[in-house]
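Throughout, protein chains are lettered first and strands after them, A, B, ... in sequence-line order, and every chain is numbered starting at 1.
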Amino acid sequence: MKTLTRFFFFILAFTLDVRVHAKIVQTPNGCIEQSGYCVMKAEGTKEVFTFGDVVISLKSNSTFVRQSLGQYSLVKGIFLFSSKETLDVETPYGKIAVEPNSKIIFEKKEDRVVLDVIFGKARMNPLGSAQPVDVLEGYENYMTGVDHSLKGRTGIPKPIIIEPTLKTWALLKYSSKDEFLKQFPK
Amino acid sequence: MMSTRVLATMTIAILFVLQAVFIIAQKEYDGSQNVAYENEHLKSLLSEQKAKTEVAYYELDSYKQKVAMALPKDIPTQKYQVRGIASLVRKGRGDLSLLSMDLEFQEIKRDYRNKNYEKAKVEVQRFIHSYPESSYILEAYFLYVNSLYQLSQYEKCVQEINVMVEQYPDSEMTGLSLLLMADIFQKQERYDEAKSIYETIIKNFSYPELKKMAQDRLSVIDI
């Protein structure tokens, strides 16, 4: 009977069609391996991209464009940027310079981009404004569209709310809850 | 001699093998694998197109911000009292015709900004005709009357401002266009009519900046 059961599972294993709906969309095709312009999208699950010293984790259904190494545009979704070097993040509302050794969560919403600086520092340069706005470690701020003064607007810096930020960070940085808990025991 | 138990086991095993062979053969030869492959290919094309569309919207947003920065400060944004039906239903972003409308209107603004008034006039007239229910319609009328004013086509300009007064009597854009009308009357030395327009603006419109502009100009006429 045991043999029969084994045989049954053996046959079953050959006939089952298991599919995992995780996918990276890249356009132009095969551009991830190169260093130039590349649109990248995580479909179905989170993805992690490493370009030299820059690690970008994306939540599912997030899209970004690598304009060149060190220069990225946030199209849609939630991202964790970890970089040992300075890098430029572009948005429709202005540029954000990320300082070396920073870890920053970006959320590109329909009308604004929100950044939570977990480690390091970011400098927002809103469109049309000569005055950059620094976002320091542990703070959150946002950048949005041009107003009547013909300058991009920014919010007021406020301390990041630990729980949701931590959840997003854990989700983007660690592969499982156990791994996160190992790193940060209670 | 084989026992009945062994025979039954062998029969079941043979049945399993036959079933497996049947399933594999079916997959191989009934074309479903090709269809599945094509399906996957189409899905990946669709995903690629979706990503491209997202990037196109990103670029459109960036372009809008640049246009907004380049606009002269005296073109107000939409803070109408009376909203058209189209402005209420325009929220969906998936329609390519909306994208095309957006792009066309940005193009017209660019022409106007570049002082290409003749082209802006023709294009905005066509825009008003093509998209009468667009949420940009008031802005379009405003650009139209301004283009006519810049081209010194005063009679036509006054006619079109009258259309705005009839159709959008409470809009700030209509108020600003009335300032243009008064200006035309001043140029034509029809001071009483100009004065009456300024007084109308002060009396009937609630926008403080507009009232102030009318007040300032009225005081100049009075002098």
Side-chain angles (χ1 to χ4, degrees), chain A residues 1-17 19 21 23-29 37-44 61-65 73-77 90-94 108-113 126-129 143-153, chain B residues 5-6 8-27 32-33 36 39-41 43-79 91-93 113 209:
Chain A
M1 202 59 192
K2 254 186 182 176
T3 323
L4 196 65
T5 315
R6 271 188 208 157
F7 187 72
F8 173 74
F9 281 114
F10 177 75
I11 295 294
L12 197 68
F14 273 91
T15 54
L16 272 182
D17 192 8
R19 289 177 194 199
H21 291 278
K23 209 172 92 182
I24 297 170
V25 180
Q26 51 177 314
T27 178
N29 219 352
Y37 178 89
C38 190
V39 178
M40 287 167 250
K41 177 175 183 171
E43 266 198 351
N61 292 317
S62 298
T63 310
F64 75 101
V65 179
S73 301
L74 305 181
V75 176
K76 181 189 162 194
E90 291 182 357
T91 75
Y93 322 112
K108 169 68 180 66
K109 295 184 174 181
E110 190 151 335
D111 65 338
R112 64 186 58 198
V113 61
L127 280 179
S129 172
M143 205 158 58
T144 186
V146 171
D147 66 5
H148 293 288
S149 67
L150 306 186
K151 287 175 187 168
R153 283 174 293 153
Chain B
R5 198 171 162 185
V6 174
T9 311
M10 277 183 67
T11 312
I12 291 168
I14 288 166
L15 280 174
F16 269 119
V17 170
L18 283 175
Q19 194 204 3
V21 169
F22 175 74
I23 290 168
I24 292 164
Q26 199 184 26
K27 275 191 175 178
S32 65
Q33 226 172 19
N39 193 20
E40 282 305 308
H41 179 63
K43 271 186 191 169
S44 99
L45 279 181
L46 182 66
S47 301
E48 213 172 289
Q49 285 308 319
K50 277 184 183 169
K52 281 182 183 171
T53 308
E54 285 169 8
V55 174
Y57 276 121
Y58 170 89
E59 281 166 5
L60 178 66
D61 276 352
S62 305
Y63 183 61
K64 276 182 179 174
Q65 296 303 319
K66 281 172 191 158
V67 169
M69 274 179 62
L71 279 175
K73 281 190 177 179
D74 59 350
I75 293 187
T77 52
Q78 301 169 16
K79 42 181 181 180
K91 292 290 178 193
R93 298 188 73 199
R113 223 176 38 247
E209 282 176 35

Across all chains, not counting sequence neighbours, the side-chain contact (heavy atoms from CB on, under 4.5 Å) partners of B:Tyr63 are B:Val67, B:Gln106, B:Arg110

Of the non-hydrogen atoms in A:Tyr37 and B:Val55, which two are nearest, and what is the gap between them?
OH-CG1, 3.9 Å

To the nearest 0.5 Å, how far apart are OG1 in A:Thr63 and NZ in B:Lys50?
11.0 Å

Work out which heavy atom in A:Lys41 is nearest to a heavy atom in B:Ala51; give both atom names and the distance.
CD-CB, 4.2 Å

What closest approach, in Å, do A:Lys108 and B:Asp61 show between heavy atoms, and which atom pair accounts for it?
NZ-OD2, 4.4 Å

Does any backbone or side-chain atom of A:Val65 lie under 4.5 Å from a heavy atom of chain B? Answer side chain, backbone, both or neither.
side chain

Minimum heavy-atom distance B:Glu54-A:Lys76, with the two atoms named:
OE2-NZ, 3.2 Å

Spacing of OG belonging to B:Ser44 relative to CG belonging to A:Asn29, to within rounding of 0.5 Å:
7.5 Å

Using non-hydrogen atoms only, which part of A:Val146 is less than 4.5 Å away from chain B: side chain, backbone, both, or neither?
both

Please determine, among A:Lys151, A:Met40, A:Glu90, the option with the most heavy-atom pairs under 4.5 Å with chain B.
A:Glu90

Once you round to the nearest 0.5 Å, how far does CD of B:Glu48 lie from OG1 of A:Thr27?
4.0 Å

I want to check something: taking the side chain as every heavy atom from C-beta on, are A:Val39 and B:Lys52 in contact at a cut-off of under 4.5 Å?
no

With sequence neighbours left out, write down each residue that passes side-chain hydrogen bond (donor to acceptor under 3.5 Å, both in side chains) with A:Asn61, or none if nothing qualifies.
none

